[in-house]
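What follows is one structure encoded as structure tokens, with my remarks underneath.
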2 protein chains.
Amino acid sequence: MTTQKQKEQIAGWLRTCNLSITDTRVKILELFLKSNGALEHGDFEKLAGKSFDRVTVYRTLQTFLDKGLIHKIPTTDTSVRYAICKSDCKEHEHHDHHVHFKCDACGTTTCLDDTSVPSIALPRGYAMNNVEVVVSGVCKDCK
Amino acid sequence: MTTQKQKEQIAGWLRTCNLSITDTRVKILELFLKSNGALEHGDFEKLAGKSFDRVTVYRTLQTFLDKGLIHKIPTTDTSVRYAICKSDCKEHEHHDHHVHFKCDACGTTTCLDDTSVPSIALPRGYAMNNVEVVVSGVCKDCK
DNA sequence: AAATAATTTGCAACATTGTTGCAATAAAGT
DNA sequence: ACTTTATTGCAACAATGTTGCAAATTATTT
């Protein structure tokens with residue numbers, strides 16, 4: 001399912017981040033490539049044929065976050081959704097420049113990479129750091 | 001701390017929603033009025049002098065959500081934040097028309113009632129239902 | 001290629017958070 | 001004040017997230 005090209009891409013990402021290339025990390029990144037959407041913690045334990053240890057998943061995701069390899073997407077429930085950063089995110093300096101879309105029908109969350117977040121004028125006294133936009137509705141596949 | 005006027009406002013809200021006026025509900029709504037920001041579940045167990053039963057808080061918040069009295073605010077962690085709906089929200093038909101601001105310094109989330117969410121052009125095939133905008137940065141009190 | 005050093009993983013035990021059924025309690029309508 | 005209806009709190013449970021430490025894997029050195 002995973003092409004040789006993808007495997008090399010994944011290995012490259014890990015090397016760039018100074019992370020050892022381990023089975024767990026590779027498999028988790030493969031899941032991201034396959035899913036083409038945002039994943040939440042539980043997905044990793046289920047999606048993988050051989051399910052990972054819960055602790056390992058938590059730690060791996062945290063590592064990827066620290067390295068700026070993935071980013072979190074805001075949700076209105078207790079789940080935490082993660083997606084791969086396609087843009088130029090540096091460590092601890094992640095900024096989403098795109099809009100996230102959550103489909104009310106199929107429940108998936110995707111990154112609309114080509115839809116950039118609009119600028120927002122804040123009231124006097126507020127300093128802006130980052131803007132998160134989550135649009136909900138019906139995605140193109142569920143229409 | 002709570003004025004007579006506020007008490008009447010709270011009772012009015014509950015009556016409008018066809019909800020019995022109980023101590024728990026009144027106290028929780030008072031906390032919303034006092035806090036002037038978004039609250040998460042744990043706050044209610046702590047903030048109240050007499051702490052509520054966890055189950056009661058969950059059920060009360062769910063009731064308020066169902067009636068459109070409060071709304072959820074997206075977060076990137078496992079917490080769920082709630083704020084009072086000041087605008088005209090009907091049951092199960094909530095739409096935020098304003099931007100939410102999360103302060104990286106003090107951690108509080110507030111509703112910027114006067115800052116409306118910008119319109120966003122989605123890619124072809126997507127149907128929009130609701131837009132959530134959360135801006136993070138430094139609020140006017142922490143500057 | 002083997003040995004060592006450094007990192008990563010999995011287990012166990014625990015802490016926290018969210019859920020359900022049911023009996024006790026409190027609110028609303030008469 | 002009494003009855004009906006709705007709400008609350010308890011207990012037990014389920015799910016989710018965390019920590020320390022030993023075993024296993026990866027990278028590095030020889």
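Numbered from 1 within each chain, the chains take letters A, B, ... in sequence-line order. Hydrogens, waters and symmetry mates play no part in the numbers below; they use all other heavy atoms, side chains included.
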With sequence neighbours excluded, what pairs up with B:Gln9 under the side chain to side chain donor-acceptor pair (under 3.5 Å) test? none
Heavy atoms, side chains only, cut-off 4.5 Å: are A:Pro74 and B:His100 in contact? no
Please state how far atom NZ in A:Lys67 lies from atom C1' in C:dT8, giving the value in whole angstrom units. 14 Å
Please tabulate, for side-chain N and O atoms in residues 12-23 of chain B, each donor-acceptor pair with protein atoms closer than 3.5 Å (sequence neighbours left out).
from, atom 1, to, atom 2, distance (Å)
B:Thr16, OG1, B:Gly12, O, 2.8
B:Thr22, OG1, B:Arg25, N, 3.3

Please state how far atom CG in B:Asp53 lies from atom P in C:dC22, giving the value in whole angstrom units. 18 Å
Can you confirm if the aromatic rings of A:Tyr58 and A:Phe44 lie within a centre distance of less than 6.0 Å? no
Without decimals, in angstroms, what is the distance between B:Phe44 CZ and C:dT17 P? 14 Å
With the side chain of B:Thr56 defined as its heavy atoms from C-beta on, choose the nearest nucleotide among D:dT8, C:dT9, C:dC11. D:dT8
B:Leu61 CG - D:dT7 C1' separation (whole Å): 15 Å
Contacts under 3.5 Å, N or O only, protein and nucleotides 12-18 of chain D:
from, atom 1, to, atom 2, distance (Å)
D:dG17, OP2, A:Tyr58, OH, 2.3
D:dG17, O5', A:Tyr58, OH, 2.8
D:dG17, N7, A:Arg54, NH1, 2.3
D:dG17, O6, A:Arg54, NH1, 3.3

What is the bend of the helix from C:dA1-D:dT30 to C:dT30-D:dA1 when you compare the axis at one end with the axis at the other, using five pairs each and rounding to 10°? 40°
Nearest-0.5 Å distance that lies between atom CD1 in B:Ile70 and atom CD1 in B:Ile28: 8.5 Å
When you compare the side chain of B:Lys102 with that of B:Thr109, does any pair of heavy atoms fall below 4.5 Å? yes
Euclidean distance, atom CZ of residue B:Arg25 to atom C1' of D:dT8 [Å, nearest integer]: 10 Å
With rounding to the nearest 0.5 Å, note down the distance linking CZ in A:Phe32 to CD1 in A:Ile10. 11.0 Å
Rounded to the nearest Å, what distance is computed from the CD atom of residue A:Gln62 to the P atom of nucleotide D:dT19? 11 Å
Distance check needed: C:dT7 P versus A:Arg15 CZ, whole Å only. 18 Å
To the nearest Å, give me how far apart CG (B:Leu14) and P (D:dA6) are. 16 Å
To the nearest 0.5 angstrom, please state how far the CZ atom of B:Arg54 sits from the OG1 atom of B:Thr56. 10.5 Å
So what does B:Arg59 touch, heavy atoms closer than 4.0 Å: a base, only the sugar-phosphate, or nothing? base
How many angstroms lie between CG in A:Leu61 and CG in A:Asp66, if you round to the nearest 0.5 Å? 11.0 Å
N/O contacts under 3.5 Å, protein versus nucleotides 25-30 of chain D?
from, atom 1, to, atom 2, distance (Å)
D:dA27, OP1, A:Ile21, N, 2.8

Return the set of residues passing side chain to side chain donor-acceptor pair (under 3.5 Å) with B:Ser79 (not counting sequence neighbours), or none when no residue passes. B:Asp77
